[in-house]
S.K.: 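Pasting in a structure now, in structure tokens, and then I'll have a few things to ask.
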Amino acid sequence: MIEFPWASAAIVIPLAGALLCGVMSARLAAVVASVSSALTAMAVAVLCWRVWNVGAFVESLGGWGAPLGIDLYADGVALLMVAMTTVVGVFITVFSLGYFRDAPDSERENSHSRGLYWSLWLVVWAAMHGIFLSSDLFNIYVCMEVVGIGSVALVAMAGSMALRAAMRYLLITLCGSLLYLLGVALIYGGWGMLDMQALGPVVEATLASEVALAAMALGLALKTALVPLHFWLPAAHANAPAPVSALLSALVVKASFYVLLRLWIDVFPAIDKAAAMMVLGVLGTVAIVWGSVQALRQNRLKMLVAYSTVAQLGYLFVAFAPASTVAGAGVAWHGVIYFAVAHGCAKGAMFLAAGAIAAALGDDDFSSMRGRGRHLAVPLVAFALAGIGLMGLPPSGGYTAKWLLLTAAARADQPVVAFVVTAGGLLAALYVFKVLYYAFARPVSGSGSDAGETGEVQAIPTTMMVAPLMLAIVAVLLGVWSAPPLHLLDIGLPFGEALGPGLKP
Amino acid sequence: MRALVDTTFWLPLAVVASSMLPGIFIFALREEQWRVRTLLNLAGAFLKLAFIAVMLFGVYVGVEYETRIPLVPGFDLVLAGSALSMFFVALSGVLWLITTIYAIGYLDIEGSWHRSRFFGFFSICVSATTGIALAGNFFTFIIFYELLTLATYPLVVHDGTPEAMRAGKIYLAYTLTGGALLMVAVVWLHGAVGPFDFQEGGVLSAFDEEHRHRFVPIFALIFVGLGVKAAIVPLHSWLPASMVAPAPVSALLHAVAVVKAGAYGIVRVMYDVFGIHYIAELGIGRWVAVAASVTIIYASLKALAQDSLKRRLAFSTVSQVSYILLGVAMIGPVAAVGGIVHLVHQGLMKITLFFCAGNIAETLGLRRISQLGGVGARMPWTMAAFTVASLAMIGVPPLAGFVSKWYLGMGAVQVGYYWVIAVLMASSALNAAYFLPIVYRAYYGAPERPWPRDERAGVLETRASLLGPTLATAGLVIVVGVMAASPYSPVAWVEIVIARIYPPA
Amino acid sequence: MGVWTEYALLSAALLPLVAAMGCLFRSDARWVLAVAPFCAVPALVVALLPVGLEQVGVPWLFMGAQIGLDRTGRLFLLAAASVWLAAAIFAQSQGIGGQRAHRFFGCFYAAMAGNFLLIVAADAVTFLTGFALMSYAGYGLVVHRFDDEAIRAAKVYLILVVLAEVLLFAGAVLAWGIAGGWELSVLQDALSTAGPAATVAIAFLLCGFGIKAAMVPLHVWLPLAHPAAPVPASAVLSAAMIKAGLLGWIRFLPFGYQDLQWLGWWTFVAGIVAALAGVMIGVVQSRPKTILAYSSISQMGYMTILLALSALTPELYPAISVAVLVYVVHHAVAKGALFLSVSVVREAPRRWWSKLLEGIGLVVPALALAGAPLTTGAVAKAELKHIPDTGEGALPALFDPVLIVGAVATTVLMVRFLWVVWPRSRRREPISNIARLVWFALATAVVWAPWVIPWQYLRRATVATLEPAAIWSALWPLVVGVMLSIVFVRRHHLLSGRLEDAIPAGDLLLPVTTLLQEGRATLRFGIRVAQSALDMAVGATRRRIAEYRRFLFILEIVEARLRRQAWDWVWIIVVGAGLLTALIL
Amino acid sequence: MTTEMIYSATSTGLIGLGFYALLVRRHLIRRLMAINIMGTGVFILFVSLSARGDGELDPVPQAMVLTGIVVAVSATALGLVLIRRIHAVTGSTRLTPGAVVSDEDEL
């Protein structure tokens with residue numbers, strides 16, 4: 001059992017599923033994708049179990065090993081991200097089962113595109129596992145490109161509405177990847193290796209390494225949509241088919257951020273990054289405010305959720321400010337990673353719920369939601385639960401993460417960060433309750449919209465109801481049951497000594 | 001690990017869960033399954049009371065109950081039974097049962113708008129309240145505190161009318177902001193001194209030398225954060241706005257859950273976090289007393305100007321809840337008895353008043369004081385209950401309110417805060433000025449027109465399920481006052497609580 | 001003392017409360033009426049029982065109640081129970097309340113219970129409980145008739161009741177601060193110690209009870225409330241309930257404990273003013289019950305004077321307390337009878353013997369009030385006169401002349417009352433025989449009561465007034481008063497109506513209300529100014545928020561630009577340059 | 001001027017050129033080409049790394065470049081498909097549906 005390459009399996013299984021789906025009819029593809037999702041989940045579960053009990057381990061693909069071969073490195077953080085991806089992924093699969101059966105015409109242009117969807121989705125999934133588990137910088141590049149190209153194709157599946165968004169997304173993701181690759185080249189030029197674990201101790205603070213870090217950070221920030229580099233995100237995320245939106249917002253942006261974090265801490269410990277961290281912190285602050293305000297101004301549900309992603313991604317960067325201090329670093333990094341996980345689940349649930357609402361109503365305009373809230377009870381409950389996570393209210397993963405971020409701010413003595421984190425939660429409340437308003441408001445009697453209120457809410461498949469709800473419950477459970485994930489996080493001291501002092505005061 | 005049958009571990013959890021689980025099940029019920037719903041509600045309420053009774057007895061004989069579940073390293077979910085918390089738990093348990101019966105009757109009259117949703121949130125609301133009461137540390141406290149906010153919002157906006165939605169907005173704006181401030185303060189505190197549990201006698205005095213300069217601003221933040229729910233002027237505006245909610249909700253907001261949670265929280269902070277003697281040392285008590293006094297007077301003056309019955313009652317709540325803080329802030333054993341016992345006394349009186357307002361509104365369709373002429377003849381029992389509760393509010397001996405005021409007055413003398421007596425005198429006079437005209441009008445005013453509606457239930461003036469709870473609480477108002485000296489009265493229990501904090505010399 | 005004694009005492013006191021609760025079931029109005037005579041009986045029996053009832057605790061009640069029946073309490077209870085009994089029977093047989101009988105009797109019983117409870121109370125909380133019950137229930141009696149006059153009277157009454165409650169609360173709490181307990185004897189003891197807190201507490205308690213006891217200038221409710229209430233209600237208001245204020249003074253204030261000059265002088269002045277001004281204002285009133293109300297104020301003035309004396313010279317207190325008790329019994333019975341007679345004489349008698357009896361019933365209590373021989377009035381006056389003899393302190397020299405002038409004045413007032421009330425025409429307001437009987441019994445009680453009440457002292461004092469000298473000294477002011485009245489009638493038409501109602505009932509109330517209304521108008525103006533200032537501030541804030549929203553709109557444009565135009569590269573370069581700079585520097 | 005410097009200068013130039021074009025040009029095919037040019041610049045940088053100081057060729061960068069080219073080709077293919085679809089649906093070859101400037105002008 002121990003000998004079995006479980007880390008590779010977590011990548012290979014969805015990849016194999018993708019290949020099979022590509023050559024099958026749509027109906028069979030759905031079955032294969034489901035089986036493949038289940039198997040992936042199993043593999044990841046075993047992987048978690050193993051890391052939990054044995055600790056971090058290195059798995060060399062094909063037995064070659066670094067520096068020439070490719071190493072997979074499974075430590076706590078990687079595992080947590082993989083687990084998050086898998087949980088969200090399983091629910092996306094469940095949701096898609098219903099979604100692509102009854103999707104509006106524009107989204108199932110021919111039976112071929114259905115099989116294509118499954119294929120692309122599983123490829124992206126596999127590539128994301130690749131990003132999280134790789135310890136090889138170039139391998140990460142390849143996986144990122146696969147994720148990027150796959151995502152663009154998935155966005156484009158939404159039809160004519162999404163084409164421009166997809167195109168812009170493609171350009172941005174390629175540009176970001178190339179900037180990253182530039183950094184990889186510079187690092188390889190300087191130190192002749194690409195393994196992150198090995199690079200950490202040897203990389204020095206030279207001009208080349210600093211330029212490399214800057215280029216990579218810029219590229220990854222572009223892919224993570226850090227304000228003001230977020231301009232591509234709302235259109236792409238909002239116009240994609242619902243499960244794809246969830247995938248992009250919950251997982252894909254996290255993948256690039258994860259790489260940035262790894263680089264930041266593992267590869268370039270030698271560089272003094274305090275000033276840059278402040279820059280990122282400030283940008284994160286701007287992101288929270290900007291994204292929230294924009295979210296509040298949207299007329300479409302999915303646009304609102306997309307801008308909320310812009311705002312929430314700001315938290316990931318705000319935490320760089322306290323992380324730049326010795327006292328705050330450990331808690332801040334914990335908080336950031338936990339936030340990424342919590343946000344992944346919550347945002348996934350939220351987009352799925354939004355998708356379910358849009359499918360039931362025919363479109364996702366707020367005006368068509370008015371007075372029909374009572375027919376949308378389940379997706380709205382899911383939306384509300386996910387919203388609790390976004391607001392950072394207990395009990396939810398968002399609460400735990402925010403608690404950690406605030407603790408970091410307190411330890412680093414940065415009240416501004418505390419204020420931003422708090423205010424961000426309140427801003428999130430504003431836009432979350434803007435949606436929930438429709439769940440509670442009584443239809444305005446006597447107005448001309450009576451016909452719209454009474455009926456015309458299409459029945460949606462059970463899977464589309466269950467998936468967001470379950471995922472939202474997971475997001476809540478992350479707050480009730482946060483000790484195990486946080487324990488997992490510390491396994492293998494993934495970020496070297498940065499996590500060392502950890503949460504212990 | 002604790003044994004599975006360890007009641008000291010399970011009982012606090014059971015007290016919280018006994019209303020949470022029925023609540024969750026109720027959500028799943030269809031509107032017309034009222035029998036199951038009622039059964040679940042009542043079963044939950046009685047079960048909870050039984051658990052509370054066992055636990056109360058246990059605490060009385062010295063058993064230490066504690067549920068401890070690790071959430072975040074250093075921060076556990078702790079539910080523990082102290083004398084003070086049991087006091088609050090018992091209050092909410094008893095009043096919840098009564099309010100549930102009332103609500104069942106009330107909503108049957110009102111018609112079938114989302115009753116499952118209503119009772120579901122109703123139950124969760126009470127769970128959150130008991131959670132707040134039993135919380136053994138700040139982390140847990142905030143979890144339930146925010147849960148309360150979230151669970152109450154759907155109740156406030158239950159009617160779904162534009163006014164209700166507006167009230168809900170105001171409610172959220174205030175309470176979420178308050179909650180955020182509280183969280184910042186608490187994290188700041190923990191950042192400074194590390195994780196700690198609530199402890200009789202306080203925790204912080206041990207950190208005096210190092211962190212004294214931080215404690216006053218932290219307390220101020222906490223006070224503002226909790227003061228929103230406790231409706232301290234000028235943080236009170238949400239409470240009168242929330243008057244659009246159905247009567248049982250108002251009763252819950254005012255008497256059992258929300259405002260009490262705020263006041264109880266402040267009391268808890270003063271006793272179990274700072275320690276009352278340390279509060280005295282920091283010189284905070286005086287300011288709290290001043291804030292409470294300003295609230296008492298200002299809200300009473302505002303109440304005079306209201307014509308809407310429930311709004312007047314709301315301002316009265318704002319005023320009365322501050323008695324609790326006033327009593328505790330005076331920092332003396334006798335005043336503290338008066339303050340803490342007012343938790344229960346105010347609850348009983350105010351719930352009676354709101355029940356009466358609800359009875360009148362639902363039976364006769366009257367909501368304004370100016371319409372109340374002749375109600376005394378039509379609904380003698382309701383008005384008798386109202387009269388009793390009003391007189392108690394004024395502080396007429398030997399009713400509940402008198403006992404509180406009496407102890408507060410004696411406490412003020414004991415610690416030499418003579419100005420508090422003037423506040424109490426003014427408050428009594430103002431209470432009389434805004435309550436007696438209502439009573440007068442109901443008995444001696446002439447009905448101006450036929451009632452907007454007139455529902456009779458057999459020989460009774462209104463439904464038994466509305467009248468019964470009203471009379472029960474009115475009876476309790478009399479009994480707790482008349483039998484204040486008996487060993488089973490709230491006062492007796494509070495004296496036990498206080499004796500632990502101020503050991504008799 | 002048996003275990004049950006305290007419960008017997010309590011239930012005797014609280015029995016009427018059960019009846020009051022019964023009144024909530026209004027469908028059974030007949031039952032409500034039927035129990036009326038029996039409610040006061042147990043209390044009366046307890047008061048007459050020869051068994052001594054010491055102070056005992058009822059630990060579970062209120063905040064640890066103490067009840068007991070000492071001599072003071074026994075006589076107060078006796079007086080109160082008799083008047084309540086008479087009034088109850090009178091009210092029942094007269095069918096007071098009509099359709100709203102349950103309401104009237106509910107308040108009536110509740111007030112009765114409160115009155116009894118405060119008499120048997122031996123601790124502050126129990127006393128104040130009874131006092132509050134009585135006061136608030138009294139509101140129902142005053143407002144009962146529910147015309148404009150009654151409403152106004154009730155309003156004034158209620159405001160003063162609340163004021164009294166507030167003052168009593170503060171006073172009692174302050175007193176606790178000094179005493180550390182609620183037992184009345186302990187409180188009194190503690191208040192006798194000097195100190196600012198004690199002074200304030202005494203002042204509060206004095207005024208609080210003073211409102212009920214019609215102490216000038218807090219008496220204004222009384223001349224309004226008594227005429228407004230139905231006859232039996234005015235009888236108990238004047239005869240029993242205002243005595244509760246007096247009892248409050250006796251129970252709470254440290255009379256006889258220590259020399260409290262300021263208290264003594266204040267009360268002395270208030271008493272003298274009440275005793276004289278009450279008569280003077282009363283004389284010009286046109287309505288019988290208003291006259292009686294002013295008479296009550298004046299009579300209470302005498303009792304105030306007595307207490308004032310004991311504050312000035314504590315060693316006189318034993319004698320004074322006896323005098324007060326005599327006075328209480330006397331005044332309760334006489335005033336009760338006089339009030340009831342207002343109702344009785346509405347119907348002019350037809351037969352000669354009934355004319356005679358009603359004449360006697362009318363005149364005897366009036367005479368008693370004026371201090372005529374053979375009545376309790378003479379005994380009370382005699383007791384007053386004796387007081388200076390027993391003490392050695394420096395009594396105010398005014399005391400004796402005041403008494404004489406007072407007796408004359410009271411006589412004039414009573415003549416005025418009889419003049420007003422005397423039946424001149426045949427009005428047909430039938431009155432039941434039972435009511436008539438009760439009234440007559442009460443009216444003549446001023447004569448026979450001393451011989452019935454089981455109080456040796458009273459009997460001896462009554463015997464003493466039968467000596468010729470005593471009779472003379474009681475009689476001559478009476479004669480002077482009657483003659484003076486005749487002169488007034490001749491010369492000034494005072495009694496026949498020229499000066500009628502020159503001073504409206506409620507005297508001081510008029511200027512005070514005017515003043516208050518002015519104050520309220522000013523306050524309203526102030527509030528309006530504050531409100532508009534607040535509105536302006538809110539408006540300014542709103543405008544600012546609106547501006548902010550406009551700013552948001554600008555943000556929107558910026559965002560759109562960002563998305564549509566070629567601005568992205570600017571941002572990419574800016575962020576990249578920023579990062580690079582930050583890293584390299 | 002060493003070979004290394006020529007390589008470096010070339011790659012820097014290409015990257016800069018591509019980056020500039022990507023950011024400034026509006027026509028989609030131009031932007032896609034810009035990406036490719038930028039990619040080529042990075043690849044040249046990699047190639048230059050394979051011949052470091054000691055004269056021995058390092059095979060790893062070459063392998064990476066090969067992989068990179070594969071990735072770039074597929075990305076370009078996807079991009080071209082998208083551009084065709086955009087053109088088919090909207091008749092435009094730009095991301096922003098702003099003022100119509102003749103596409104040929106920009107090409």
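Note that the structure is predicted; figures quoted are calculated from it, not measured. Chain letters run A, B, ... following the sequence lines, proteins first and then strands; every chain starts at 1. Excluded from the calculations below are hydrogen atoms, water molecules and symmetry mates; all remaining heavy atoms, backbone and side chain alike, are included.
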S.K.: Around B:F27, counting heavy atoms of other residues, nucleotides and ligands shown, do more than 12 lie under 6.0 Å from its CZ?
M.R.: yes

S.K.: Taking CZ in A:F366 as the centre, count heavy atoms belonging to other residues, nucleotides or ligands within less than 6.0 Å. Is the count above 12?
M.R.: yes

S.K.: Measure the shortest side-chain to side-chain distance between B:W188 and A:T407 over non-hydrogen atoms and say whether it is less than 4.5 angstrom.
M.R.: no

S.K.: Looking at A:P415, A:S482, A:A418, which makes the most heavy-atom pairs under 4.5 Å with chain B?
M.R.: A:S482

S.K.: Among B:V187, B:V193, B:T161, who wins on heavy-atom pairs under 4.5 Å with chain A?
M.R.: B:V187

S.K.: Can you tell if the side chain of B:L147 reaches within under 4.5 Å of the side chain of A:P394, non-hydrogen atoms only?
M.R.: no

S.K.: Measuring from A:R411:CZ to B:H190:NE2, what's the distance to the nearest 0.5 Å?
M.R.: 11.0 Å

S.K.: Identify the two heavy atoms, one from B:G191 and one from A:A410, that lie closest to each other, and give their separation to 0.1 Å.
M.R.: CA-CB, 4.2 Å

S.K.: Among B:G168, B:A180, B:A173, B:P70, which has the most heavy-atom pairs under 4.5 Å with chain A?
M.R.: B:A180

S.K.: What pairs of donor and acceptor atoms, side-chain ones from residues 322-332 of chain A against any protein atom, are under 3.5 angstrom apart with sequence neighbours left out?
M.R.:
unit_1: A:S324; atom_1: OG; unit_2: A:A321; atom_2: O; d: 2.5
unit_1: A:T325; atom_1: OG1; unit_2: A:P322; atom_2: O; d: 2.7
unit_1: A:T325; atom_1: OG1; unit_2: A:G328; atom_2: N; d: 3.2

S.K.: If I take atom CG from residue B:L172 and atom CG from residue A:L436, how far apart are they, to the nearest 0.5 angstrom?
M.R.: 9.0 Å

S.K.: Give, for atom CD1 of A:I388 and atom CD of B:E146, the distance between the pair rounded to the nearest 0.5 Å.
M.R.: 10.0 Å

S.K.: Kindly indicate, with the supporting measurements, whether the criterion side chain to side chain contact (heavy atoms under 4.5 Å, CB included) is fulfilled by A:W481 and B:I69.
M.R.: CA-CA 9 Å; A:W481 205 45; B:I69 302 167; 5.8 Å; no

S.K.: Measuring heavy-atom distances to chain B, does A:L406 have an atom under 4.5 Å in its side chain, in its backbone, in both, or in neither?
M.R.: both

S.K.: For the residue pair A:F440 and B:R117, establish whether any side-chain heavy-atom pair is separated by less than 4.5 Å.
M.R.: yes

S.K.: Looking at residues at least two apart in the chain, or sitting in another chain, which of them share a salt bridge (charged side-chain N to carboxylate O under 4.0 Å, His left out) with B:R268?
M.R.: B:D272

S.K.: Flag the pair A:L393 / B:L150 as yes when at least one side-chain heavy-atom distance between them is below 4.5 Å, and no otherwise.
M.R.: yes

S.K.: Assign the ring pair B:F75 / A:W403 to parallel, tilted or perpendicular, where the plane angle (0 to 90°) is split at 30° and 60°.
M.R.: perpendicular

S.K.: Is B:V184 close to A:V421 at the side-chain level, that is, under 4.5 Å between some pair of heavy atoms?
M.R.: no

S.K.: Would you mind checking which part of B:Y153 comes under 4.5 Å of any heavy atom in chain A, side chain (CB onward), backbone (N, CA, C, O), both or neither?
M.R.: side chain

S.K.: Should the heavy atoms of other residues, nucleotides or ligands under 6.0 Å from CZ of B:R212 be counted, would the total exceed 12?
M.R.: yes

S.K.: For a 4.5 angstrom cut-off between non-hydrogen side-chain atoms, does A:T422 reach B:M183?
M.R.: no

